[in-house]
Amino acid sequence: MRPIRRLPDHLVNQIAAGEVVERPASALKEMLENSLDAGADKISVDLAQGGIKLIRVVDNGSGIAADDLPLALDRHATSKIASLDELEQVGTLGFRGEGLASIASVSRLTLISRPQDAAHAHQIIAIDGRLHPVEPAAHAPGTSVECVDLYFNTPARRKFLKSDNTEYAHCASVFERIALARPDVEFLLRHNGKVVWRLPQQSRAERVGALLGQDFLQAALPVEHVAGPLQLTGFIADPTYSKSSRDAQFFYVNGRFVREKTAQHALRQAYRDVLHHERHPAYALFLTMDPAAVDVNVHPTKIEVRFRESQAIHQFLFHSLNKTLSGSAGSRVEAAATLPAGSPPVTATGPETPRPPQPAPRGQVFVQQPMALHVGGDAGAVYQKLFAGVREEERALAPALAQPSPAYRTPDLPDSDEGIPPLGFALAQLHGVYILAQSQDGLIVVDMHAAHERIVYERLKQALDHEGIPTQPLLLPVSFGASAQEVASVEEHKEGLMRLGLELAALSPTQIAIRAVPQWLNDGNPVDLARAVLADVREFGLTRVMTERRNELLATMACHGAVRANRQLTLTEMNALLRDMEATERSGQCNHGRPTWSRLSMKQLDELFMRGQ
């Protein structure tokens, strides 16, 4: 056995770098936080090859004295805390004093700084963690940190880095998170010499609109609540502006972007009654509180915090958001539906999102002009006359329609000698949502979206099990604005996306073109479909998406391709849907477990109208 020995400082620094500098984005985060802690109000960032080749951060902060430059690159040397008491009430973004030392141990780092009252600047160079002597240099007041060739001295670690585009996407996310929290600071981001972001000093609303998009801002409800030492400000999106992923969720504690379970649970609870359980709210929220009431020293990357009074924080966040959402358009519509007759109309206050005209609400009663019915003779003959055309149309189209599988039988609906199929013949649509069909024994009511969703889902599964999902080229490619992460995912997983029936191409760092979609989803919204698939690929990786999460992804795709409510179907289309249901396994439930159809037998209908009683 090897004897136990103290590790050299150089190796200790590299181990620490494994916790702090996981990838270029981690190094960028440490540098930006140092600039903000130094009081900078102007910061520029230059990246090359996704930050792998170069990360340079220049600020106009307070600067570092020449004598302190070696200490700035020494592990556990910091000016931000000096005692345990100060650690328990940290008010700065950084405090451990190991960020620059960890970066210097796995790169070629140059640190140049000039205090505001100094006549000139000084620099220090660290290569592979070894410090060179401090030398005079030319620099404006402030600090410049340049990190070149990250992991050049640890090839094994470098092999685990992703493509340049993927690493840049992570760097861009870090930049945007930090810039979102500090609208009072001017930020500039360049990648490979091209300006990506130029953010002047601006208001909170302007910064949110610039980074999260004007569509978010138009759907946003302002939040501003104070309870003692707690203050919550920012914006939450109207429930109608929901997302299929958590990408648009930004929560800050004292200016630090965090993911904290208590806060996340409170936010989910606030949206619980106004948002579908599979959708995610969008928000940019900033919680300000006493630094002594939150522990930020619980995670190496400082992305997790722990509240000392978590229950009080949970209640404050929940009630603040619940109060804001109670005045939103979505909740007002819901409240109006439950008002008793004769109540005054609900008036809207605050920002509203412009929406196209909507069809009449379900359940609204319309006054219809009376029709003179001249029905003579046998009622059965009248019915036969009215619907004979439907029967003839069905028989004429029978060869073209999907035939029921011999192995599949819809429960409790026996075949008829007269040729009526198990789910019957369609009669009409109800409010653009349900299909009414006459079966041999009564009335069938079908949720057309849920039923079509199951059919498409089963087809996608079968196709993927064989040679892949067939594509349908678009006559005209559709392009949409995309994030850096989405563009990186397209370039890295192009072949895998083709197996899913999606042909995507990156047009620019911010644009993606959709050239083909899955064959059975060509009636859906291609942009929403592409975004949903890319969100899953980014969050879980293509391998997991294609294996253990395959069914969840296909269910999402099927939902995007299923026929939507309020779409008017012809009798032929409705009957084709019924036949497909009969030929599809598990068509009695949609992908989420809800029933797709229900039956009212003649006996039940007779009981409703007290016939024979």
*Hey, mind stepping through Leu47 and Tyr168 against side chain to side chain contact (heavy atoms under 4.5 Å, CB included) and telling me if it holds?*
CA-CA 8 Å; Leu47 304 173; Tyr168 166 71; 3.9 Å; yes
*For Tyr252 and Arg177, indicate whether the former's side chain and the latter's backbone hold a donor-acceptor pair under 3.5 Å.*
yes
*Backbone N/O of Leu71 and side chain of Asp68: donor-acceptor pair under 3.5 Å*: no
_Atom pair CZ/CG of Arg308 and Asp295 - distance to nearest 0.5 Å_ = 5.0 Å
*asked:* Distance alone, cut at 3.5 Å: any donor-acceptor contact between the side chains of Glu224 and Thr233?
replied: no
*Please state whether the rings of Phe216 and Tyr241 are parallel, tilted or perpendicular, taking 30° and 60° as the class boundaries.*
perpendicular
*asked:* For a quick test of reading the model, state the closest non-hydrogen atom pair linking Gly50 to His191 and the distance between them.
replied: N-NE2, 3.0 Å
*Would you say Val533 and Leu529 make side-chain contact, with heavy atoms under 4.5 Å?*
yes
*In Å and rounded to the nearest 0.5 Å, what is the CD1 to OG1 distance from Ile313 to Thr262?*
9.0 Å
*Decide yes or no for Ile512 and Leu507: does some side-chain heavy atom of the first lie under 4.5 Å from some side-chain heavy atom of the second?*
no
_Heavy-atom donor-acceptor pair, Asn60 side chain to Lys42 backbone, under 3.5 Å_ = yes
*Is it true that the side chains of Ser105 and Ser102 contain a donor and an acceptor less than 3.5 Å apart?*
no
*Looking only at non-hydrogen atoms, find the nearest pair between Asn254 and Pro291 and report the distance.*
ND2-CA, 4.0 Å
*asked:* Quick check for you: to the nearest 0.5 Å, what is the distance between Thr143 atom OG1 and Arg114 atom CZ?
replied: 11.5 Å
*Could you tell me whether Arg550 and Asp465 make a salt bridge, using a distance below 4.0 angstrom between a side-chain N and a carboxylate O?*
yes
*So does Glu309 have more than 12 non-hydrogen atoms from other groups sitting under 6.0 Å from CD?*
no
_Shortest non-hydrogen separation from Leu28 to Cys171 and the atoms involved_ = CD2-O, 3.6 Å
*Looking at CG of Asp59 and CE of Met31, how far apart are the two atoms once the value is rounded to the nearest 0.5 Å?*
11.5 Å
*asked:* The test is side chain to side chain contact (heavy atoms under 4.5 Å, CB included); show your working for Phe286 and Leu180 and say whether it passes.
replied: CA-CA 10 Å; Phe286 306 87; Leu180 187 62; 4.3 Å; yes
*Would you say the side-chain atoms of Thr154 pair up with the backbone N or O of Ala156, donor to acceptor, closer than 3.5 Å?*
no
_Heavy-atom closest pair, residues Arg531 and Gly481_ = NH2-O, 2.6 Å
*Could you go step by step and tell me if Gln231 and Leu287 meet the side chain to side chain contact (heavy atoms under 4.5 Å, CB included) rule?*
CA-CA 6 Å; Gln231 180 181 17; Leu287 176 63; over 6 Å; no
*Test the Arg256-Phe251 pair against the cation-pi criterion, namely NZ or CZ under 6.0 angstrom from the six-membered ring centroid and within 45° of the ring axis.*
no
*Flag the pair Leu321 / Ile236 as yes when at least one side-chain heavy-atom distance between them is below 4.5 Å, and no otherwise.*
yes
*Answer yes or no: is there a side-chain heavy-atom contact under 4.5 Å between Asp41 and Asp184?*
no
*Over all atoms of both residues, closest heavy-atom pair of Val490 and Leu497*: CA-CD1, 4.2 Å
*Check the angle between the aromatic planes of His314 and Phe318 and answer parallel, tilted or perpendicular using the 30° and 60° thresholds.*
parallel
_Could you check whether any side-chain N or O of Gln249 sits under 3.5 Å from a backbone N or O of Pro281, counting only pairs where one atom can act as donor and the other as acceptor?_
yes
*Return yes if some donor-acceptor pair links the side-chain N/O of His225 with the main-chain N/O of Ser320 below 3.5 Å, else return no.*
yes
*asked:* Tell me whether the count of non-hydrogen atoms from other residues, nucleotides or ligands lying under 6.0 Å of CZ in Arg204 goes above 12.
replied: yes
*asked:* Does Arg158, at its CZ atom, have more than 12 non-hydrogen atoms belonging to other residues, nucleotides or ligands within less than 6.0 Å?
replied: yes
*Looking only at side chains, do Glu206 and Ser203 share a donor and an acceptor under 3.5 Å apart?*
yes
*Determine yes or no for a side-chain-to-main-chain donor-acceptor pair under 3.5 angstrom, with Gln511 supplying the side chain and Ser508 the backbone.*
no
*Do the non-hydrogen side-chain atoms of Leu521 and Pro526 ever get within less than 4.5 Å of each other?*
no
*asked:* So Leu504 and Arg515, do their side chains get closer than 4.5 Å, heavy atoms only?
replied: no
*Side-chain ion pair, Glu495 and Arg499, N-O less than 4.0 Å*: no
_Electrostatic pair Glu167:Arg23 at N-O distance under 4.0 angstrom_ = yes
*Does the Gln49 side chain pair with the main chain of Gly51, one donor and one acceptor, at a distance under 3.5 Å?*
no
_Tell me if a side-chain donor or acceptor on Arg207 pairs with a main-chain N or O of Pro200 at a distance below 3.5 Å._
yes
*Roughly how far, to the nearest 0.5 Å, is the CZ atom of Arg56 from the CG atom of Asp46?*
5.0 Å
*Got Val517 and Leu502 here, is their nearest side-chain heavy-atom distance under 4.5 Å?*
yes
*Does Gln116 use its side chain to pair, donor to acceptor, with the backbone of Gly61 at less than 3.5 Å?*
yes
*Given side chains that start at C-beta, do those of Val45 and Phe187 come closer than 4.5 Å, heavy atoms only?*
no
_Quick test of your reading of the model: are Asp536 and Arg549 salt-bridged, counting only N-O distances below 4.0 Å?_
yes
*So, for Ile64 and Ala72, which heavy atoms are closest and what is the spacing to 0.1 Å?*
CD1-CB, 4.3 Å
_What verdict does the side chain to side chain contact (heavy atoms under 4.5 Å, CB included) test give for Val196 and Leu188, after you've listed the backbone C-alpha separation in whole Å, the side-chain angles of each residue and the deciding distance to 0.1 Å?_
CA-CA 8 Å; Val196 180; Leu188 174 69; over 6 Å; no
*How many angstroms lie between atom CD of Gln123 and atom CG of Leu111, to the nearest 0.5 angstrom?*
9.0 Å
_Ion pair check, Glu304 and Arg259, cut-off under 4.0 Å_ = no
